[in-house]
Amino acid sequence: MKVLLSWLREFAPIEGDPHELADHMSDLGMAVEATQILNSLDGVVVARVADLRPHPKADRIQLVDVEIDNGEPMQVCCGAFNMSVGDLIPFATIGTVMPDGMEIAQRKMRGEMSNGMCCSAAELGLGADHDGIMILPDNLETGAPLMQELGLVGDVLWDLEINPNRPDAMSIAGVARDLAARLNVPFQIPERSVTPTGSDQGLASIEIADGDLCPRFTGRVLTGVSVGESPLWMQMRLTLLGMRPINSVVDVSNYVMLELGTPNHTYDLSLLPNGHIGVRRATAGEKITTLDDQERTLQSNDGVIVNEADEPIGIAGVMGGASTEISDSTNSVLLELACWEPESIARTSQRLGLRSEASARFERGTDWQISVTAVERFCDLLNEITPGGIEVVGEVLDVAGTTRDTISVPVRTSRVSMLLGREFSSEEIRDLLTPIGFGVEPTDDGDAQLVTIPSFRPDTETETDVAEEIARHYGYGRLGTTVPRSPDAGRLSPEQKLRRVIRQIMTGAGLIEAMPNPFLAPGDINRAGLVVEEPVRLLNPLAVEESVLRPSLLPGLLAAVSYNYSHRNTGVELFETGAVFEVSDDSSALPVESEHLGALISDADAFAATSLLKALGSALKLKFDLTNTDGLPGLHPTRGARINLGDTEVGSVGEIDPAVLRNYEIEDRCAWLSIRLDLVIEAAISAQGTPYQPVSTFPSSDVDLAFVVAEEVQASAIETTLRDAAGEELQSLRLFDVFRSEQLDEGARSLAFSLRLQANDKTMTDEEVGTVRQRCIEAVESTHQATLRA
Amino acid sequence: MSVYEQIAEAQAAAISEIEKTSDLESLKAVEPMLFGKKSTLGGLKRLMAEVDAEERATVGQALNQAQEAVREAHASARDTFESASRRVQLEAERLDLTESLQAPARGHLHLVTQTMERLEDVFVGMGFTVSEGPQAETDWYNFEALNLPAAHPARSMFDTLYLDLGERTEIGDGEGGEATNILLRTHTSPVQVRVMESAAPPIYTVCPGRVFRRDTADASHMPVFHQIEGLVVDRGISLSDLAGTLNEFTAAYFGGAISSRLRPSYFPFTEPSAEFDITCVICEGAGCQTCQRTGWIELGGCGMVHPNVLANCGVDSEEWTGFAFGFGIDRLALMRYGIKDLRDMYTNDVRFLKQF
């Protein structure tokens, strides 16, 4: 919403530095996005177009002769073609400094001299219109300084950001009211009216069938209307506030909307049989051609205006119909100034894509008590600007739908003081609320006052809402600052701490954390070698490439590695922790979200991933069991293993399937680790309680054993057997050599383990060590058909 | 030759032998001539038997002195030779330390994670816990419980991504078991609702996490981004408490030169509502292009928890009041490092990620 200082002053004697006034408005919740002080634009004058000629060497510019007084016409080159000979236009003479800082100089354009510049409204900072040169009204004096002639010098234009809860601030009057209260100056909406002639009896009638759509419908019959141009001052105000002047009737309509926040509409009365209009809910499928000549199909919750024959002639609060549109030949007008139910307008305008200045106001809720004032203002303005005036026939037509009640709410001074953290007195509260239109009456309860909410503040309903108004006008910044303290110490949960530990283990191992897009294209799942029958889909994705929620971290990390390879970053080690999604078995539940850790190490074989897992296990005091498994989804068919914690499967490890790597154009082997972070963290929390083991002070003995064993037997199985056989004196066990040779049996390899034995209570004798050693050999040989290598 | 002369001569001979040596090896070679029974001085011990008893003590003393002198000369020579040989050895071991080939890899946390952890740490220091919740949410938790019923116009403030679960798109998790849509949370506020439902006040918690909007990616928007929200519910919590808490956070996170202010605003879930601005971190309030010469930059939204929200979460709003605030994490990360385009954080280019 843009507001103009001179217009605000029609409601309150607002004075002050424009920037200080801007600070006040921002502090009142109407954030000022720009302050524009309209200066005199020295050098810009009113000029008359004396002649138009084509440029001999250029198609996109023409030659214009302009007269700025009765002297010689001056030639300028101009890129716009919207003016005609005789038009008055703003003309920047040589030496003029434009609002954007550019200085106008005499120059040649493709061989033709240009002695100034014809200006658009935008170039002068007078509106958004870039499309052509601004055409000025005929009654200006040529050669006169433009801004003085327009009466704009020294005026100030502010661009305000208005929150959805402030329908009142969508008007000049509303902004003036708020600002006047802050500045402690009086505010008043001037009473204006035109004495009606005759009676409207029979000329027009209004009937509301669905009153919940329309709390109030006011109207009036105007005759003697001649559609023409509105005066310069009105055109300028509309332009400055971002609206394009159209004709006298439309301009008055928009002017009243901007001034009082009341959108309105005019019908050509002669096109309304018997002057009748009705309000009802649309029937589904009903059609109407709107003012923009588009045919629109309505739904049952849209509101429509209908004629006597019950045919739609307008979409309530959104856009009028073409069939009753006013035209140059219109003489009699029916003015509609209605209040509409905000949610209905919001739904309809959103569905039809018809967001307008009017719908923006109806959506927030318009003032239902200002209707008659606004109707009178419309009549007064149109009468004023129509040469010879108009005739206002009869009184204001005023039909009620489901009327709104005036809300009064008890407001406790103690409660307000508590909520805002400052001790207010009842008088202070009254003095803050009264200037912004709230009624404040004392009650029998000394603490409470009865506050009556004005009709232009439909957002305010409760004691808390009123507290916000008090805070707003007192000033948020003056309330002071206090810091409450939690009775408990701040902390991260054990899960959150462990998540950080796990991330640190990953970075400690040299991995970089990536954040791939959690949205996938449907084909990405297969491309990564995964099989998911029913992934979680988005109902309204932005693009099909982002229409599925990831069921695994693999596709995202593959894409990230692939991106790096395509930018010559090879040997990339990435990890990610985050949620993956699957459809729940329970049809009444949210999708199942589980937190995963994924690590993808390029230019590395599977052992890069298993050693990462070992590092994790050792830090978290967890023993991960691996089971070599062929054909795990996405993994190399013969280089993959399931990961278990006891009986619970918690992930997989190995290398990426070479076929998948080809899909992603990654030319190196990639190691992959994927674990269910949530399950691992849960297990790690239990493992944190593992009691301390005292360190033995007795000497230890090392035993090295190498076995020849079939390839099918997992090294981890032999480890388990050794661990069981060695018993409690086993301090550590380590696979230290793997040896394959033709000298060994076919399909077998040698695995060498180092065992350190140590008792807690004595020095083990050679004999005792020998017994353990023998036990280990026998166990491995008998369990795994292995033979000890000599 | 007297006994004493023999001793002096032997001592001089021994020392002369030592002086002839040039390194540890030659010193070792002469040691038999210096010490022990076979050395000249050692041989003189036999003289002890030949001298008178009354002179034996004096002779013994002279012998000891001579031996001590030889030992000192030997030790000094040895020290000299050892330090020379150490010098040679060390010289041979000389390294050019700039010849190192490869450093052990150091990994990097993502900039967003680093920022999130930094924020969590500040709030933990201020007595807050950290709460989490699901990213796929019901309409109830994301909107309705937060005082945003289905037709509320403010819903247009949130471009929402909904999930297509076939027949399950609506599940019975709304108020009173009513059907509700499933969506990707547009803010972390549903976590606040879940916290209030599951724990009695006092509550002092922050909810960081991933959120989703139906926004086309550009330099300052991503459909997937991160937020942190705070919630305090306690007896007598006021708007001044909110302002004070945000001040304390701002100073702790950004440093003492940066302060915060509140401006009236509107959110359906808070009343009174405010925007909170911080001193522009670029110009520290002097006014620059980043802050459009105002000296302030808008950081987030906040306000007193709306009584309807408290009621929806089963909290008695007469007994308890609270405040909530929220802001974007990604933007803070950008601000800290002067990154111009949000999308750069999500290309996963290691040349970018390694810088943090």
Side-chain angles (χ1 to χ4, degrees), chain A residues 26-29 163-165 342-343 346 363 418-422 464-465 467-468 471-472 476-477 479-487 490-492 496 503 506-507 509-518 536-540 542 560 563-564 567 569 572 579 581 583 587-588 590-591 593, chain B residues 105-110 112-113 123-130 134-136 151 153-154 161-165 168 171-172 182 202 204 214 216 223-224 232 234 236-241 243-245 247-248 261-266 271-272 274 304 307 321 346-351 353-354:
Chain A
S26 288
D27 194 49
L28 287 166
N163 290 315
N165 65 328
E343 285 180 9
E363 277 178 37
M418 190 279 282
L419 269 178
L420 303 185
R422 178 192 174 269
T464 314
D465 296 337
E468 179 176 64
R472 206 165 62 78
Y476 278 22
L479 288 172
T481 55
T482 45
V483 184
R485 286 291 170 214
S486 170
R491 62 180 185 95
L492 295 177
Q496 289 159 348
R503 285 196 193 120
M506 292 295 126
T507 58
L511 276 71
I512 298 174
E513 188 186 15
M515 281 204 182
N517 192 342
V536 180
R537 291 195 171 80
L538 299 187
L539 193 66
N540 57 338
L542 274 167
Y563 176 90
N564 278 293
H567 291 77
N569 308 326
V572 182
F581 301 81
V583 173
S587 67
S588 68
L590 289 169
E593 242 171 83
Chain B
R106 181 180 81 82
H108 303 262
L109 287 180
H110 195 276
V112 166
T113 303
F123 284 113
V124 164
M126 290 168 64
F128 286 67
T129 59
V130 177
Q135 295 171 16
L161 285 163
Y162 291 90
L163 297 186
D164 175 8
L165 299 171
R168 310 172 190 191
I171 61 171
I182 302 175
Y204 291 75
R214 197 171 181 278
T216 308
V224 181
V232 167
D234 205 341
I237 291 293
S238 70
L239 194 58
S240 304
D241 290 332
T245 301
N247 265 346
E248 186 172 85
R261 70 169 186 190
L262 300 185
R263 274 186 298 115
S265 187
Y266 169 75
E271 188 79 25
M304 302 297 293
T321 51
Y346 294 102
T347 57
N348 298 308
D349 190 317
V350 293
R351 293 167 298 180
L353 298 172
K354 278 180 177 170

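Everything numeric here is computed off the predicted structure, so don't read it as measured data. Residue numbering restarts at 1 for every chain, and letters A, B, ... go by the order of the sequence lines.
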Part of A:L420 within contact of chain B (heavy atom distance under 4.5 Å):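 Both the backbone and the side chain of A:L420 come within 4.5 Å of chain B.
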Heavy-atom contact with chain B under 4.5 Å, split by part of A:A471: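 Interface part for A:A471: side chain.
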Tell me, side chain or backbone of [X] under 4.5 Å from chain A's heavy atoms, or both, or neither?
X	result
B:N247	side chain
B:T321	side chain
B:P202	side chain

A:E513-B:T113 side chain donor-acceptor pair, cut-off 3.5 Å: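 Short answer, yes.
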Among [options], which residue has the highest count of heavy-atom pairs closer than 4.5 Å to chain B?
options	result
A:L479, A:N540, A:N569, A:D27	A:N540
A:P487, A:G29, A:G477	A:G29
A:A560, A:G510, A:A579	A:G510

Atom of A:F581, atom of A:E593 and distance for their closest heavy-atom approach: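 Distance-wise, the nearest heavy atoms are CE2-CG, 3.2 Å.
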Between [X] and [Y] (side chain of the first, backbone of the second, donor and acceptor by atom type, cut-off under 3.5 Å), is there such a pair?
X	Y	answer
A:N564	B:V350	yes
A:R472	A:L28	yes
A:D465	B:E271	no
A:T481	B:S240	no

side-chain contact (heavy atoms from CB on, under 4.5 Å) between B:T245 and B:F128, worked out: CA-CA 11 Å; B:T245 301; B:F128 286 67; 4.2 Å; yes
Can you tell me which of [options] forms the most heavy-atom pairs within a distance under 4.5 Å of chain A?
options	answer
B:T216, B:T347, B:L109, B:L262	B:L109
B:M126, B:H110, B:Q135, B:H108	B:H110
B:M304, B:E248, B:R261, B:K354	B:E248
B:V232, B:V224, B:D349	B:D349
B:G236, B:G107, B:P223, B:G244	B:G107

Any residue meeting side chain to side chain contact (heavy atoms under 4.5 Å, CB included) with A:P591, in chain and number order, not counting sequence neighbours: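 Residues passing side chain to side chain contact (heavy atoms under 4.5 Å, CB included) with A:P591: A:V536, B:A136, B:L163, B:L165, B:I182.
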